[in-house]
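Reading through the structure tokens given below for one structure.
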There are 2 protein chains.
Amino acid sequence: MPNSPETTVAAVEAAHAAGDLGLERAPDIIVALNARPPEAAAEILQHLSSEKAVEVLDQPGIDNVCEIIAALPTATAVALLSAVSADRTADIFRELIEPLRTTLLNGLNQETRTTVSELLAYPERSAGSIMTTEFVSVRSNWTIAEVLHHIRMVERTRETVYSIFVVDPVKKTLIQAVPLRRLISGDPHANVLTAAPARKPLTVGPQSDRMDAARLISKYDLLAVAVVDGLGHVLGIVTVDDVIDAIVQESTEDVQKFGGMEALDEPYLRISFLEMIKKRGGWLCALFLSEMLTASAMQTFQGELEKAIVLTLFIPLIMSSGGNSGSQATSLLIRALALHELRLRDWWRVAVRELPTGLMLGAILGLIGIVRITVWQTLGIFDYGEHWILVAITVGTTLVGIVTFGSLAGSMLPFILQRVGFDPASASAPFVATLVDVTGLVIYFGVAALILRGTLL
Amino acid sequence: MPNSPETTVAAVEAAHAAGDLGLERAPDIIVALNARPPEAAAEILQHLSSEKAVEVLDQPGIDNVCEIIAALPTATAVALLSAVSADRTADIFRELIEPLRTTLLNGLNQETRTTVSELLAYPERSAGSIMTTEFVSVRSNWTIAEVLHHIRMVERTRETVYSIFVVDPVKKTLIQAVPLRRLISGDPHANVLTAAPARKPLTVGPQSDRMDAARLISKYDLLAVAVVDGLGHVLGIVTVDDVIDAIVQESTEDVQKFGGMEALDEPYLRISFLEMIKKRGGWLCALFLSEMLTASAMQTFQGELEKAIVLTLFIPLIMSSGGNSGSQATSLLIRALALHELRLRDWWRVAVRELPTGLMLGAILGLIGIVRITVWQTLGIFDYGEHWILVAITVGTTLVGIVTFGSLAGSMLPFILQRVGFDPASASAPFVATLVDVTGLVIYFGVAALILRGTLL
């Protein structure tokens, strides 16, 4: 392609931008790339030193990485992807679309291609999918001096050298994980295992959830955890920085799901309009269709409504109180289950706590409700009719019932979802509110029928 | 105190338990301690080797740490607290109550007491409050060999030796942070700064929010970040494991606040009944009192309600749709603000996105609503009266309005809260729902007045 004046200008600008950016840290360069269209970002990437470009691609957080790679000459893309760490290369390949994916994969050398293909085969969100294969592995018959020498040789090509994995020289199975700090203060002539802790290393399987690796790293303050196959061979390691990214991503998804939508997977301002409608519209429609049951319930009670219009005044108040108490309970349980503070079998302990909590909270709200009706009636602000005392008692009693039901339903829903194999975090605030709304109406009109029979009804 | 048979039996049991537990990892011992009453836990702690007991106390996650320390002999408590890392000692002192706090603080030696008192003076959730003072600091005129020798000497007493902080030999100001991995592969006779990266180290101030330290560590994949005073002296470091704990804790609090309650600060099963009522009851009452405005709004429209009872049937459906769309928008914005994807000044970009999104989602729900009424009417499932077409149009139009309002209000509320100095995460799903409910009724009856005037109203 001949150089048109525009492409020359663009290239000069890009080189200029790259010259400035080359001095920045990789995560800051990414911020700059994300602010530009993919073609401009690709242009900048080409003008960075190859070392810097690799450092940039080695970081997560590049938007439109697929388009940026597509805009690079194939040879450049292959060269960069070969130099990036294998776990990150696999991440990038996950976002690439065909035929680019196959073209670039075939461009990699045999060894890298095999590693990347293996990583790509692990299910999304598994420990295998976020592990790196660039770790330090040494034989158990080496001395500390030999291990340190080996680390000096491979340091530049390993994601971390602070956890060293000691394997059996023959069977290649994992024997120990030794922290570098113990090695450098150990006797150089002693065997590497003299610097090892007394206990077996903690490991995860490649198919385990990545959050299992996160929990181990967080609980035991590790820098990395080994991913080990059924025979005890180390396939890779999950490092603490990958785990932080995973924890932050899962928290974001949990909040979004709790808000009653599908997780966005992308920053708010990046997602397309249609994608946004899809992520929010699905749940909104499902909730709307379920909530239609309230209209059906109201239709059933139409006779009561006509006789006692005064009852309708409190419908929003009563329903929202049930939803609010349910939302509180659900938020507590979602986190307790996510943090493994509670297990499925603990459901009854929760029920035993939520029942008195709900009754107490309901009693407080019920009392406020009764006081409010009494004050308004007595001060003449509004006339609830001659049976206002009975109306107040109906509203108060209903509040006890609905807040208790809300607390119980809201706390049990995450357990039920987990039991039937769903993510307990799908128990969103709107989901619980919808569940409680229909029941709330039934409770309200049931209580009213009992208390107001013979007077208003 | 003479040994009664019971205390002897208890002591033997505790020793036995300690004998078993002594082989476990500290976080696992904590699980066992948490399952026992504080006195039994203290008994076990005393029977562990002092090295192991220190390792246990060095970990976060011990419930009732105040009661456990109180149950120890004062001399033992002082000895253990002196050996635990200073940041963790400060954490424990934060939970102790008087007079035990002062007694134990006075028991510490002068140096430890000063360090702990300084750490206690930093505000909660600041970088200063979670930093450790046990880091490796070396002078910039040392060689790499001298630094490595120093690390070997102090390794056992430092929380991490993987980030080494190089200071000016005279002014003691921070010059560089050098990773250990670069030192061990560097030339031993060269100056330590030859192993340093090209850029100035990243630092935070002691008063900064701990999440600022978390963001730096997470963005730049660091193992530790230096906490530096105004003169450039290193006060301490925040390590990656403290940051993970902070991230997990803040996520839990965000979900609980989003659920419409105060953050619990303790595991679900640990919190007392009264504390639980307090944390949930406050917001529940506040929301209930605000939601009372719906009753007032309904009272205003009582005339309309009596004329057109059919309108009441759709009140729950309409209000919940507004709340749900608001909850979705709020969950998106809370996370986007927490992750610094958006800043306060970006509010208008969000408004510009939420307006068409809300209109589109509202149109979808409105259409479903109209179809539902038409189908029920046509199939004879329910009779919405002779003006059913107008009722359907009223419901459909209201849904467009309320979902749009919900999306806008839900997305703007976190910005408004942040603007006036509150935590944007206080914009809970129930808060938004309550906000939208009152407006929703006004929109509904406003639309009804326009469309049904002269027919039903």
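Only heavy atoms go into these numbers, but all of them, side chains included; no hydrogens, no water, no symmetry mates. Per chain, numbering begins at 1; letters A, B, ... match sequence-line order.
For A/Val136, no part lies under 4.5 angstrom from a heavy atom of chain B. If you measure heavy-atom distances from A/Pro60 to chain B, you find no contacts under 4.5 Å at all. For A/Leu180, the parts sitting under 4.5 Å from any heavy atom of chain B are the backbone and the side chain alike. Of the atoms belonging to A/Tyr220, heavy atoms from both backbone and side chain fall under 4.5 Å from chain B. Residue contact with chain B, scored on non-hydrogen atoms closer than 4.5 Å, involves the backbone and the side chain of A/Met292 alike. No part of A/Thr330 comes within reach of chain B, as not one of its non-hydrogen atoms sits under 4.5 angstrom from that chain. For A/Glu250, no part lies near chain B; criterion is any non-hydrogen pair under 4.5 Å. Looking at A/Ile271, the atoms closer than 4.5 Å to chain B (heavy atoms on both sides) sit in the backbone and in the side chain alike. The part of A/Ala429 that comes within reach of chain B is its side chain, from C-beta onward, which places non-hydrogen atoms under 4.5 angstrom from that chain. Interface residue B/Val31: only side-chain heavy atoms are found under 4.5 Å from chain A. There is no contact between A/Asp346 and chain B, counting heavy-atom distances below 4.5 Å. For A/Ser428, no part lies under 4.5 angstrom from a heavy atom of chain B. Residue A/Pro179 touches chain B through both its backbone and its side chain, counting heavy-atom pairs closer than 4.5 Å. At a 4.5 Å heavy-atom cutoff, the contact between A/Leu305 and chain B is made by backbone and side-chain atoms alike. Only the side chain of B/Met319 has a heavy atom closer than 4.5 Å to any heavy atom of chain A. Heavy atoms of A/Leu365 lying under 4.5 Å from chain B belong to its backbone as well as its side chain.
Between B/Glu354 and A/Arg280 there is a salt bridge, with a side-chain nitrogen of the basic residue lying less than 4.0 Å from a carboxylate oxygen of the acidic one.
When all heavy atoms are compared, the tightest approach of A/Tyr268 to B/Val350 is OH-CG1, 3.5 Å. Looking at every heavy atom in both residues, B/Pro316 comes nearest to A/Ile315 through CG-CG2, 4.1 Å. Here the shortest heavy-atom pairing between A/Leu361 and B/Gly281 reads CD2-CA, 3.5 Å.
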Please test B/Leu399 against A/Phe288 for side chain to side chain contact (heavy atoms under 4.5 Å, CB included), starting from the C-alpha separation and ending with a verdict.
CA-CA 11 Å; B/Leu399 280 166; A/Phe288 186 74; 3.5 Å; yes
With side chain to side chain contact (heavy atoms under 4.5 Å, CB included) as the criterion, how do B/Gln302 and A/Thr312 come out once you've worked through the C-alpha distance, each side chain's angles and the decisive distance to 0.1 Å?
CA-CA 9 Å; B/Gln302 208 193 9; A/Thr312 61; over 6 Å; no
Using the side chain to side chain contact (heavy atoms under 4.5 Å, CB included) rule, take B/Glu155 and A/Arg182 through it: C-alpha gap first, then chi angles, then the decisive distance, then the call.
CA-CA 8 Å; B/Glu155 191 264 312; A/Arg182 289 277 177 274; 2.5 Å; yes
For side chain to side chain contact (heavy atoms under 4.5 Å, CB included), just list the numbers for B/Leu202 and A/Arg25, CA-CA rounded to whole Å, side-chain angles, deciding distance to a tenth of an Å, and then say yes or no.
CA-CA 11 Å; B/Leu202 295 160; A/Arg25 291 179 169 85; 3.7 Å; yes
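For the atom pair CD1 (A/Ile184) and CG (B/Leu183), the distance works out to 8.5 Å, reported to the nearest 0.5 Å. Once rounded to the nearest 0.5 Å, the distance linking SG of A/Cys285 with CG of B/Leu367 reads 10.0 Å. Separation of atoms CG (B/Asp245) and OG (A/Ser218) is listed at 5.5 Å; rounding is to 0.5 Å.
Listed options A/Ile277, A/Val161, A/Leu293 were ranked by heavy-atom pairs under 4.5 angstrom with chain B; first place goes to A/Ile277. Taking B/Ile247, B/Leu269, B/Ile217 one by one and counting their heavy-atom pairs under 4.5 Å with chain A, the maximum is reached by B/Leu269. Taking chain A as the reference chain and counting heavy-atom pairs below 4.5 Å, the highest number among B/Leu287, B/Ile368, B/Ile151 is found for B/Ile368. Per-residue heavy-atom pair counts under 4.5 Å with chain A were compared for B/Ser251, B/Ser296, B/Ala433, and the maximum is reached by B/Ser251. Of the listed residues (A/Gln256, A/Gln328, A/Arg152, A/Met298), the greatest number of heavy-atom pairs within a distance under 4.5 Å of chain B belongs to A/Gln328. For the set A/Leu342, A/Val438, A/Asp254, the count of heavy-atom pairs under 4.5 angstrom toward chain B peaks at A/Leu342.
With A/Arg181 contributing its side chain and B/Arg158 its backbone, the two residues share a donor-acceptor pair below 3.5 Å.
Ring geometry, B/Tyr162 versus A/Tyr162: the interplanar angle falls under 30°, so the pair is classed parallel (tilted spans 30 to 60°).
Other residues, nucleotides and ligands contribute more than 12 heavy atoms inside 6.0 Å of the NE2 atom of B/His340.
Partners of A/Glu159 under the side-chain contact (heavy atoms from CB on, under 4.5 Å) rule, at least two apart in sequence or in another chain, are A/Ser85, A/Asp87, A/Thr132, A/Thr239, A/Asp241, A/Asp242. Residues forming a side-chain contact (heavy atoms from CB on, under 4.5 Å) with A/Leu339 (at least two apart in sequence, or on another chain): A/Arg335, A/Glu341, B/Val248, B/Thr252.
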